[in-house]
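For clarity, every value in this text was computed on a predicted model and none was experimentally measured.
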Protein chains: 2
Amino acid sequence: MTSSLSSTPRRSDVTRTAILDAARERFAADGYERATIRAIAKHANIDPSMVMRYYGNKEGLFAAAVSIDLKLPDPASLSRDDAGRTLVTHFVDMWEKNEVLTALLRVGATNQAGAERMQGIFADQLLPVARRVCPDPEQAPARAALASSQLLGLALTRYVLRFPPAVALAPEEIVAWLAPTVQRYLTAPYPA
Amino acid sequence: MTSSLSSTPRRSDVTRTAILDAARERFAADGYERATIRAIAKHANIDPSMVMRYYGNKEGLFAAAVSIDLKLPDPASLSRDDAGRTLVTHFVDMWEKNEVLTALLRVGATNQAGAERMQGIFADQLLPVARRVCPDPEQAPARAALASSQLLGLALTRYVLRFPPAVALAPEEIVAWLAPTVQRYLTAPYPA
DNA sequence: CTTGTTGGCCTACGGTTGTTGAAATGACCT
DNA sequence: AGGTCATTTCAACAACCGTAGGCCAACAAG
C-alpha cells in the first residue's frame, strides 16, 4: 500500500498509515456519513487536524483509504470451463479477509462517489474477464453485470446486512452454490 | 396504509401521509443519515417540528415510513416447478414501482435498525416460500438466503449502485437469466 | 548554535443536525 | 358568544460536523 518507490520515506508515514487503517475500519463499520473524521482520528490516536493536513478533506481521505485491487487472475490464463468457480472462490477469499470491500459497499449504497468507484472497479477488473470468456464480446457488459449482481448480492447479505443463514454458510458451500450461477452468466447462451 | 378502521379519522391525516410520502422519497434517494428531518419537512411543505410531534423522532419516522409487504403469492398456491420464475417476476415488478424497497436497502446498508428490518422482511415473507418448495425443510433458511442474495444483488446493482449494464437490462431479460438461478437455489440438490 | 522544515496538538469558526417548548392559529361544540 | 382542543408556526437549544490557522517541539542542514 505505502510503496517506498518514490524517493524519501517520510517521517510521518506511520501516522499516515495509522490514519488509513482507522479510516478503513470506520468506513467499513459505519459508512461514509457516520464515519466522522473525529472518530477516525480518535481510533488512530492522533488529532483530527492531521487528517486534514495529510489528506485534504474527507473525500480525499476516503479516496486514499479505499483503493482496491481485486487481484483477479489473468484473463488469459483463465480456463473457460471453470471461470465461475475460480471467480467465486477468489471473491469469497477476498471479502473474507479484506474489510475495504465492505467499506466500499457500505459507502457505495449512500454516496454517489462511492457508487461510481465501485462501478469503476467492476468495469476495470471484472469486465475483462467477461470479455475473455463469454461467447459474444458485445454481451460482455451485461454478463459481467449479472455475475456481479450475484457476487455483490452475496457480499451484501453476508457481510453488510448479515442475514444469519448467509453468515452461517461455509465458504465451500458458497462456492458450490454460486460457481454454477456465475459460470452460466458468463458463458451460457441466453436462456430459453 | 392509513386505515380508517380505528375510530376517528384525524384532521391531521393529510399532513401525516404527506410527511410519510416525503420521508420515503428522501430515504430512498439519500439513505438514513443524509435524509434530514428538515429536508423531509420542506418536501412535505410543513414545519420540521410536525415530524417530531407525529412520529416522536427520526427512528420513529423511519419505522412508520418504511413498512413493506412483498405481497408474495400464497406459498400453497405456488407450483414447485416455476417458483423461481414467479418470484423473480414478482420481485422485479415490485422494485420497479416501489421506491420503499430502495429506501430500505439504502438504509439497511448503513443502519443497524434498517438491516434488522430487512432481515425480518425476508425471514417472514421469503422463508415460508422456501419452506414450501425446497426438498428438506431444514435447508430452507440457507436456500432462502441464497435466493435473496441473488434478488437483492440485482436490486443493489440496478437500483442503488446503478451499474449501467444492469440498468440497461430489460425486465424480461432479468427474469430469463435469474429465474433458473433462484429455482436452483430453492429446489435443486446440493451441487456436486 | 542558528535556521528552515516537518510533525503534532489545540482552539475556534460557521454551519447543520435532531429536538424542544412556547406562542399563534384554526376548527368544532355548547 | 366563548371555551376547548388539536394543529401549526416560530425561535431556540445543545451537540456535532468538516475545516482552518496558529503555536510549539523535534529534527535536519548550514
Length of the line joining A/Asp13:CG and C/dG8:P, which is rounded to integer Å: 10 Å
Under 4.0 Å between a side-chain nitrogen and a carboxylate oxygen: does that hold for A/Glu96 and A/Arg158? yes
Donor-acceptor contact present, side-chain A/Arg106 to main-chain A/Ala28, <3.5 Å: yes
Of B/Glu33 and A/Arg53, whose nearest nucleotide on DNA chain C comes first from the 5' end? A/Arg53
For B/Tyr54, answer base if it contacts any base atom (sugar-phosphate contacts may also be present), sugar-phosphate if it contacts only those atoms, and nothing otherwise; contact means non-hydrogen atoms under 4.0 Å. sugar-phosphate
Which part of the nucleic acid does A/Thr15 contact within heavy-atom distance under 4.0 Å: base, sugar-phosphate only, or nothing? sugar-phosphate
Any side-chain donor paired with an acceptor under 3.5 Å for A/Ser49 and A/Asp47? yes
Give the rounded distance in Å between these two atoms: NZ of A/Lys42 and P of D/dG18. 13 Å
Separation of C/dT16 C1' from B/Asp30 CG (nearest whole Å): 15 Å
Find the distance B/Lys58:NZ to C/dT16:P and express it as a whole number of Å. 15 Å
Among C/dT19, D/dT7, D/dT19, the nucleotide that comes nearest once only the side chain of B/Met50 is considered: D/dT7
With a 4.0 Å cutoff (strictly under), does any side-chain N or O of B/Ser12 reach OP1 or OP2 of D/dT7? yes
Could you state the atom-to-atom distance from CZ of A/Arg34 to C1' of D/dC16 in whole Å? 14 Å
Compare the minimum distances between each of C/dT6, C/dT19, D/dC10 and the side chain of A/Arg11, then state the nucleotide with the smallest one. C/dT6
If you check the B/Met52 side chain, which of C/dT19, D/dC10, D/dA20 turns out closest? C/dT19
What's the CD1-P distance between B/Ile40 and C/dT19, to the nearest Å? 11 Å
Between A/Asp74 and A/Ser77, a side-chain donor and acceptor under 3.5 Å: no
Residues B/Ser149 and B/Tyr185: side-chain donor-acceptor under 3.5 angstrom: no
Nearest heavy atom decides the nucleotide; on that basis, is B/Arg16 or B/Asp47 closer to the 5' end of DNA chain D? B/Arg16
Please determine, for the side chain of A/Arg38, which listed nucleotide (C/dG8, D/dG18, C/dT6) has the closest atom? D/dG18
Under 4.0 Å between a side-chain N or O of A/Thr36 and OP1 or OP2 of D/dC17? yes
